[in-house]
Amino acid sequence: MARLTTHVLDTASGKPASGLRVVLRRDGDANVLAETFTNAEGRLDKPLLDGAACKPGRYEISFHAGDYFRKQSVALADPAFLDVIPVRFALTQGADYHVPLLLSPYGYSVYRGS
């Protein structure tokens, strides 16, 4: 069964990014498909998409990094260098997708995980 998952690691602190807001939309569409926060392990409690909801197409995950770092009392530039990080990608039929984010206040890396 196909599914879409993510997790976020705060590379500046060396810990999972707990409490980071994650929003999923179809690319170019304002309608929110899923909105949640990472748990203590930097993961989501359930997939962003699962089963029949995991349809082929282009999607965007928005990671709300600025809000996360402000909650962590990290001193940020004004405006923050990274605020909302959009990651756009395509899902294919029947495939599992894991989209991890490695994050610091001044940079990030994202990749298709396994």
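Because the structure is predicted, anything quoted here is derived from the model rather than measured.
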message: Taking side chain to side chain contact (heavy atoms under 4.5 Å, CB included) as the definition, give me every residue that meets it alongside Lys55, ordered by chain and number, with sequence neighbours left out.
response: Arg26, Tyr59
Name all residues meeting the side chain to side chain donor-acceptor pair (under 3.5 Å) criterion together with [X]; count only those two or more places apart in sequence or in a different chain, and write none if there are none.
X: Ser62; value: Glu60
X: Asp27; value: Arg88
X: Ser104; value: none
X: Thr36; value: none

Is there a path of hydrophobic side-chain contacts, each under 4.5 Å between heavy atoms of I/L/V/M/F/W/Y residues, joining [Y] to [X]?
X: Leu101; Y: Leu48; value: yes
X: Leu20; Y: Leu24; value: yes
X: Tyr106; Y: Tyr68; value: yes
X: Ile61; Y: Val8; value: yes
X: Val87; Y: Leu102; value: no

field: Nearest-0.5 Å distance, CZ of residue Phe89 to CG of residue Leu4
entry: 4.5 Å
query: Measuring from Asn39:CG to Leu44:CG, what's the distance to the nearest 0.5 Å?
result: 7.0 Å
- prompt: Could you give all pairs that pass the ring-ring contact (aromatic ring centres under 6.0 Å, His included) test and reach residues 3-51, with sequence neighbours left out?
  reply: His7-His98
query: Which atoms form the tightest heavy-atom contact between Gly94 and Ala2, and what is the distance?
result: C-CB, 3.7 Å
Closest contact, heavy atoms only, Ala30 versus Arg25: O-NE, 3.1 Å
Please list every donor-acceptor pair under 3.5 Å in which a side-chain atom of residues 107-114 meets a protein atom from a residue at least two apart or in another chain.
unit_1, atom_1, unit_2, atom_2, d
Arg112, NH2, Asp96, O, 3.0

message: I need the full list of salt bridge (Lys or Arg N to Asp or Glu O under 4.0 Å) pairs touching residues 14-23, with sequence neighbours left out, sorted by first then second residue.
response: Arg21-Glu35
query: Taking the side chain as C-beta and beyond, is there a heavy-atom pair between Leu91 and Cys54 under 4.5 Å?
result: yes
query: Apart from Val23 itself, which Ile, Leu, Val, Met, Phe, Trp or Tyr residues share its cluster (side-chain heavy atoms under 4.5 Å, direct or through members)?
result: Val32
query: Judged by atom type as modelled, is there a donor-acceptor pair below 3.5 Å linking the side chain of Tyr97 to the main-chain atoms of Thr92?
result: yes
Taking only distance into account, with no hydrogens and no angle test, what donor-acceptor pairs under 3.5 Å do side-chain atoms of residues 69-82 form with protein atoms, sequence neighbours excluded?
unit_1, atom_1, unit_2, atom_2, d
Arg70, NH1, Gly66, O, 3.0
Arg70, NH1, Asp67, OD1, 3.3
Lys71, NZ, Gly19, O, 3.0

